[in-house]
Amino acid sequence: MIGLIDCNNFYVSCECVFNPHLIGRRVAVLTNNDGCVVSRSPEFKKLNIPVGTPYFKIKDLEKPLGLVFISSNYELYADMSNRVMSVLRQFTPHLEQYSIDEAFVHFNLSKDYDYESLAKELRERILQWTGIPTGIGFASTRTLAKLGSEIAKKKTKTGVFVMPQHAENILRETPVGDIWGVGPRVEKRLMALGIRTALQLAEADLPWLQKKFSVCLVRTVLELQGQSATAAEDFGHPMKTAACTRMFGTPIVDFEELRETVADYAESAAARLREMGKQAVGACVFFLYYPEYYPVALPEGGAEINVMFGHPTNNTAEIFAALAPNLPKIFQQGRRYKKSGVIFFGLENGTLIQPELFPAPIRTNVSDRVVETLDIINRQFGRRAVHCLASGLARPWTMRREKLSSRYTTAWDGLPLAR
DNA sequence: TCTGGGGTCCTAGGACCC
DNA sequence: TCTGGGGTCCTAGGACCC
C-alpha cells in the first residue's frame, strides 16, 4: 500500500506554529516579491479568493475583512518540511518526498492490515512533533492515494482516508479535473468528449485515449484502475536542473544592475549545487522585460543564452567568469527589465552533453577551498553574510518582502520568545 | 504600476543519416 | 511525368505538478 501525506495549507500552518494568535484568522502567505496569494488558512479560503490572486488587488480588503498577509519565508518552510519528513522516516525508510509539503510512503504489510490506524498514528505524531496538520490517504497506487488524501482533508473528521478495494462509488463522485495529472486543459477536452467523472475516465478506451491525448493520461487511467504506472524512479530521483530566477522589486534599466542580479542568483544556485554535492556542465541565463508603450508600443519579451563551462563546476567564481562575457549579448539598451534567472543543467552524473569543440578556458583565482569556506561562514552567520562583490551593494532591485516573519528555527535572532 | 519560483515529462516537426 | 523506407537527434512548445 502507498500512503500520501499532504500538509494542510502548509505555509500558513508553519506560520501558525510560531504565531498561535493567527489560528482561526483569515491568513494568507504571499509569493516572493509579495506578488500573489500562495497559501490560505481555512478561514481565508471561505472568502473564495483563489490561490494566485495578485496581492495589490486585494490589499484594500486587509482592514475591512481583517485579513492577515505574510511574505513567504522559505527558510522557515524548508526547515519545517525537513522536520515533517524526518518524523515520517521513523515509520519507514521507503519515503518519496514529492514536494515541500508532500511525501509518499510505502508499506508492505498483510492484506487486511489496519491502515486506518497506521494513518491516524502518522498524522498524530506529525501534529504533535511539528505542529503541522496533514491529510493522509492510503491506496494501491499513487494516484489513488493522492485522491485519498484529498478526501481525508475535505470529507473526514479524522484527516485520514483509506481507499476501499473497489472504489467505483468514490470515483463516480469525483470530478475528472480533481484527478492528479489532469490539468485544466485536459479537463476541458475530456469534458467536451463527455468524460466528466473519474469513473468515466477509468473506464475509457486506452488506445483511443493514447491517440487523442498522450501516454501521460493513459498512465493516470491505469493508476485509477489500481495498476501502478508511475515508476519509483520518477520519485526521489536526483535533480536534473537547479535554478534561481526572480522578479525584481523595481524594474532595472541599467546593465550593471542586471549583471548584479545574475551574480547574485548564480551565487545562490551554485551554493545549492554544492549542498547537493553536484556540479553543472553549463547554465542558461535569461532576461525578461516589460512591454513598452511610449514612444512606440513594444510587446514584452526577453532573451536567453546557454553557456557551457567547459568542465563541470560548482565554483561560483568560475561560473560567473563564464557567464559575465555573455550577458551583453542578451541585453538591450532602453528596456525595462522585470526578471532574470540562472538555470544550471547537466547535473546528472554520466549525462551525455554535447560539449563545445573548443571550450574557452575559465580563469579564476578563487579556489574551491575559498568557496567552501564562504559556505561554512554563511551557514553559521546567515545567507549573504559574505558574498561576491559582483552581486552588488546597494541592490535596489531586491524583492519586496514587507511582511516577513522571523526565521524562528534557522537564526538565533529569530527564536520565539517565551514569557 | 502592479500577477512567483522551481521543477518534470511528452510530442511534433525539422534536420539529418544511410 | 517523376523519387522509399527506416532511423536518430534536437528543439520549441505544451502540459502538468507543488
Side-chain angles (χ1 to χ4, degrees), chain A residues 4-11 28-40 49-60 69 71-74 77-78 81 96-104 135 142-143 146 149-150 177-190 209-220 229-231 233-251 261 265 268-269 272-273 276 284 286 288 290-294 300 304 306 336 338-345 347-348 352-354 399-402:
Chain A
L4 190 267
I5 293 86
D6 193 344
C7 300
N8 301 353
N9 341 308
F10 184 55
Y11 298 166
V29 171
L30 304 172
T31 57
N32 271 341
N33 228 12
D34 294 345
C36 46
V37 171
V38 70
S39 178
R40 306 165 298 160
I49 298 172
V51 163
T53 305
Y55 172 54
F56 74 88
K57 281 191 179 171
I58 49 175
K59 217 172 179 175
D60 294 340
F69 292 108
S71 300
S72 46
N73 185 344
Y74 283 97
Y77 312 148
S81 171
E96 299 158 354
Q97 184 170 352
Y98 177 62
S99 71
I100 194 165
D101 73 330
E102 273 175 85
F104 291 102
R142 293 184 183 82
T143 304
K146 192 94 165 115
S149 82
E150 290 303 314
D178 287 2
I179 297 298
W180 184 43
V182 178
R185 310 282 168 110
V186 169
E187 178 189 17
K188 209 175 153 198
R189 287 174 59 201
L190 285 171
L209 272 184
Q210 159 102 52
K211 212 175 144 204
K212 278 253 177 200
F213 295 86
S214 73
V215 66
C216 304
L217 193 61
V218 170
R219 286 182 197 145
T220 296
T230 49
E233 307 87 67
D234 293 347
F235 297 85
H237 56 61
M239 273 204 285
K240 295 175 175 171
T241 60
C244 182
T245 70
R246 297 266 182 283
M247 295 274 296
F248 310 136
T250 52
T261 67
Y265 303 167
S268 63
R272 268 194 11 241
L273 285 183
M276 298 187 290
C284 171
F286 69 84
L288 293 182
Y290 287 107
E292 296 292 336
Y293 304 101
Y294 183 84
E300 63 179 352
E304 63 179 58
N306 284 315
R336 288 166 63 243
K338 61 173 174 183
K339 182 175 183 174
S340 72
V342 177
I343 305 165
F344 289 121
F345 54 79
L347 270 50
E348 250 178 343
L352 293 176
I353 301 271
Q354 180 67 54
M399 64 179 170
R400 290 186 294 269
R401 292 214 279 185
E402 286 164 9

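Only this structure's heavy atoms are used, side chains among them; waters, hydrogens and symmetry mates stay out.
Side chain of A:Asp101 to main chain of A:Ser81: no donor-acceptor pair is present (N/O by atom type, distance under 3.5 Å, no hydrogens or angles). In this structure, A:Ser72 contributes its side chain and A:Leu30 its backbone to a donor-acceptor pair below 3.5 Å. Side chain of A:Ser71 to backbone of A:Asp34: no donor-acceptor contact under 3.5 angstrom is found. Remark: the backbone N or O of A:Lys212 is paired with a side-chain donor or acceptor of A:Arg189 at under 3.5 angstrom. Side-chain atoms of A:Thr53 never come within 3.5 Å of backbone atoms of A:Val37 as a donor-acceptor pair (strictly under, hydrogens ignored).
Atom CG of A:Asp60 is separated from atom P of B:dT1 by 15 Å (rounded to the nearest Å). Atom C1' of nucleotide B:dT8 and atom CZ of A:Phe345 are separated by 17 Å, given to the nearest angstrom. Across the protein-nucleic acid pair, A:Ile343 atom CD1 and B:dG6 atom C1' stand 9 Å apart, rounded to whole Å. The CG atom of A:Leu288 sits 16 Å away from the C1' atom of B:dC2 (whole-angstrom rounding). Protein atom CD1 of A:Ile100 is 14 Å distant from nucleotide atom C1' of B:dG4, rounded to whole Å. In this structure, NZ of A:Lys188 is placed 17 Å from C1' of C:dC16, rounded to the nearest angstrom. Atom P of nucleotide B:dG6 and atom OH of A:Tyr74 are separated by 9 Å, given to the nearest angstrom. Rounded to whole angstrom, the span from the CZ atom of A:Phe248 across to the P atom of B:dG4 amounts to 12 Å.
In this structure, of C:dC18, C:dA15, B:dG5, it is B:dG5 that holds the atom nearest to the side chain of A:Arg246. Counting only heavy atoms from C-beta on, A:Met247 has its side chain closest to B:dG4 among B:dG4, C:dA15, C:dC17. Of the candidate nucleotides B:dG7, C:dC18, B:dG4, B:dG7 has the atom lying nearest to any side-chain atom of A:Ala242. Distances were taken from every side-chain heavy atom of A:Arg272 (C-beta onward) to each of B:dG7, B:dT11, C:dC18; the shortest belongs to B:dG7. When distances are taken from the side chain of A:Lys339 to each of C:dC18, B:dG5, B:dG4, the shortest belongs to B:dG5.
Contact of the A:Leu4 side chain with the A:Arg142 side chain is not registered, since no non-hydrogen atoms from C-beta on lie closer than 4.5 Å.
Between A:Lys338 and the phosphate of B:dT3, there is no side-chain N or O to OP1/OP2 separation shorter than 4.0 Å. Between A:Tyr290 and B:dT3 there is a side-chain N or O to OP1 or OP2 distance below 4.0 Å. In terms of phosphate contacts, A:Arg219 brings no side-chain nitrogen or oxygen within less than 4.0 Å of OP1 or OP2 of C:dC16. Note on A:Thr241: a side-chain N or O is less than 4.0 Å away from OP1 or OP2 of B:dT8. One finds a side-chain N or O of A:Thr245 lying less than 4.0 angstrom from the OP1 or OP2 phosphate oxygen of B:dG6. Side-chain nitrogen and oxygen atoms of A:Lys59 include none within less than 4.0 Å of the OP1 or OP2 phosphate oxygen of B:dC2. Of the side-chain N and O atoms in A:Arg336, none sit less than 4.0 angstrom from OP1 or OP2 of B:dT1. Between C:dC18 and A:Lys146, a contact under 4.0 Å exists linking OP1 or OP2 to a side-chain N or O.
Mapping A:Val215 and A:Tyr55 onto DNA chain B by nearest heavy atom places A:Tyr55 closer to the 5' end of the strand. Mapping A:Phe56 and A:Gln210 onto DNA chain B via the closest heavy atom, the residue that lands nearer the 5' end is A:Phe56.
Within 4.0 Å (heavy atoms only), A:Lys57 reaches at least one base atom of the nucleic acid. Within 4.0 Å (heavy atoms only), A:Pro184 reaches sugar-phosphate atoms of the nucleic acid but no base atom. Within the 4.0 angstrom heavy-atom criterion, only backbone atoms of the sugar-phosphate kind lie near A:Asn32; the bases stay farther away.
Separation of the C1' atoms belonging to B:dC17 and C:dG4 is 14 Å when rounded to the nearest angstrom.
Here B:dC18 sits opposite C:dG5 as a Watson-Crick or G-U wobble pair (both hydrogen-bonding atom distances under 3.5 Å).
Aromatic ring orientation, A:Tyr77 versus A:Tyr11: parallel (interplanar angle below 30°, classes split at 30° and 60°).
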